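These notes are about the structure you will find just below.
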Protein chains: 2
Amino acid sequence: MIETRWLDGEEQRTWRTFLMAVHLLDGALDRQLRHDAGIPHAYYQILAMLSEAPERELTMTRLARLLRSSPSRLSHAAARLETDGMIRRFKRPEDRRTTIVEITDSGMKALEEAAFGHVREVRRLVFDTLTHEQVDQLREISESMLGALDPQGEEPRYPDPEDPRATD
Amino acid sequence: MIETRWLDGEEQRTWRTFLMAVHLLDGALDRQLRHDAGIPHAYYQILAMLSEAPERELTMTRLARLLRSSPSRLSHAAARLETDGMIRRFKRPEDRRTTIVEITDSGMKALEEAAFGHVREVRRLVFDTLTHEQVDQLREISESMLGALDPQGEEPRYPDPEDPRATD
DNA sequence: CGAAAACAATTGAACGCTCAAGTATTCTGT
DNA sequence: ACAGAATACTTGAGCGTTCAATTGTTTTCG
């Protein structure tokens, strides 16, 4: 029998404030990107991840894992992004099960253009409101939660050092 | 001309970790509630807010404001929740523009049953992974972000003191 | 070898959210 | 009083996500 305590007053306040902030932040980022760049935040992240990958390409499965996306979700998203000419999908003879996704020049351009406004918004809504100490704290808190949310989740990240692209 | 700095390494790490954690947390909470209680997290929040309101009722507009929801979104949600018998909508003669939403006994029951598993999940994924200090920090960070996200957002909250219902 | 399992990706239906438009009611100012 | 503005809510189309089912390909191993 598992005992489950209710949230105490302090936790309650924290939880509701956190939920509200996240809810509004999500909406704000998505709205800004859709309005200024015509793509949802999730699609921006797909492009960003691809832009940092070696050769600017990844298999669908690998990309899905990096983004913690379901294969299905990525597949739908890829269909749309491909129609828009931002990515290209193709197969290689080595393993004909896998599909390679590659970000196109047009996709890179769209990403770079979108990045300006996006980063400005992230700054305005998050980093400008926090002290350096709080940024530290937020990272540690997020890492703690990730431990419970994504136990086996490491996966490399291709951190392209000096590149003002895709800063998200 | 507004200058926009890119995110530095520290901020970059924080931002990605935070985004990932929030993305996974959102998915986990929604999945748990849909699976165990048959309602999405957003609908749980509607029921929770109503359960704490005086007389268990609010106008659509007031409820939407409390939840930072668009009227449209709430209207769609209310249609579904009403079909499911969890809420009831009606008009009062005083102002025939406004619609009053009331949570039904059935809705209260569903909420109470859903709350157990939900709170367990929130504990497991969030509060159990954080120290008391970090909970403090997370609240302060969330409040800071809220300041930028929701400038004029106060709105009362009906904090029902000693009640193990709707702890979310 | 060959059958079964594992893997990679896609598809379609259901659903919730967004946005723009629409209906109905009440308030405002002259 | 009454036209126009403001308020309250609803509706429908479009889109992204989820889930379950499906197709095609490679691996495993008896």
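Proteins come first, then strands; the chains are lettered A, B, ... in the order of their sequence lines, and each starts at number 1. This one's a predicted model, so the numbers in the text were calculated from it and none came from an experiment. The analysis underlying the following values was restricted to heavy atoms, covering all of them including side chains, and did not include hydrogens, waters or symmetry mates.
The distance from atom OG1 of T99(A) to atom CZ of F90(A), rounded to the nearest 0.5 Å, is 10.0 Å.
One can place CD of Q45(B) at 14 Å from C1' of dC17(C), the figure rounded to the nearest angstrom. Atom CZ in R68(A) sits roughly 19 Å away from atom C1' in dT17(D) (whole-Å rounding). When rounded to the nearest whole Å, the span between CG of D30(A) and C1' of dT17(D) equals 12 Å. Atom pair I46(B):CD1 and dC17(C):C1' shows a separation of 12 Å (rounding to whole Å applied). Distance D26(A) CG to dG16(D) C1': 13 Å, rounded to the nearest Å. Regarding L33(B), its CG atom lies at a distance of 17 Å from the P atom of dC15(C), rounded to whole Å. Between L63(B) atom CG and dA8(D) atom P there is a gap of 14 Å when expressed in whole angstrom units. Atom NE2 of H23(A) is separated from atom C1' of dT18(C) by 12 Å (rounded to the nearest Å).
Checking side-chain atoms of E143(B) against main-chain N and O of E140(B) turns up no donor-acceptor pair under 3.5 Å. Under a 3.5 Å cut-off, the side chain of D95(B) and the backbone N or O of R97(B) do form a donor-acceptor pair. Proximity of a side-chain donor or acceptor of R68(A) to a complementary backbone N or O of L66(A) within less than 3.5 Å is detected.
With respect to the salt-bridge test (charged N to carboxylate O, under 4.0 angstrom), the residues E102(B) and R89(B) do not qualify. Salt-bridge annotation for D30(B) and R34(B): present, with a side-chain N of the basic residue lying under 4.0 Å from a carboxylate O of the acidic one. Between R124(B) and E121(B) there is a salt bridge, since at least one side-chain N of the basic residue sits less than 4.0 Å from a carboxylate O of the acidic one. Under a 4.0 Å N-O distance rule, the pair D105(A)/R56(A) qualifies as a salt bridge. Ion pair R88(B)/E57(B) not flagged as a salt bridge, since none of the NZ, NE, NH1 or NH2 atoms sits closer than 4.0 Å to an Asp/Glu carboxylate oxygen.
F116(A) and V126(A) fall within the same hydrophobic cluster, where Ile, Leu, Val, Met, Phe, Trp and Tyr residues are linked whenever their side-chain heavy atoms come under 4.5 Å apart, directly or through other members.
Residues from residues 81-100 of chain A placing a heavy atom under 4.0 Å of any atom in DNA chain C, listed by number, are R89(A), R97(A), T98(A), T99(A).
Of the listed nucleotides (dT10(D), dT18(D), dA9(C)), dT10(D) has the atom at the smallest distance from the side chain of S75(B).
No hydrogens or angles considered: nothing links the side chains of T98(B) and K91(B) as a donor-acceptor pair under 3.5 Å.
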Between the protein and nucleotides 13-15 of chain D, are there any N/O to N/O pairs under 3.5 Å, and if so, what are the atom names and distances?
none

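When heavy atoms are screened at a 4.0 angstrom cut-off, A42(B) is found touching the sugar-phosphate backbone but no base atom.
Comparing G27(A) and P71(A), the nucleotide of DNA chain C nearest to each residue sits closer to the 5' end for P71(A).
Using cut-offs of 30° and 60° for the angle between ring planes, the W15(A) and F127(B) rings count as perpendicular.
Annotation: the terminal axes of the helix from dC1(C)-dG30(D) to dT30(C)-dA1(D) meet at 10°, where each axis is the rotation carrying the C1' atoms of four end pairs onto the next four (5 pairs per end, rounded to 10°).
Between the base of dT11(D) and the side chain of S72(B) there is a donor-acceptor pair shorter than 3.5 Å.
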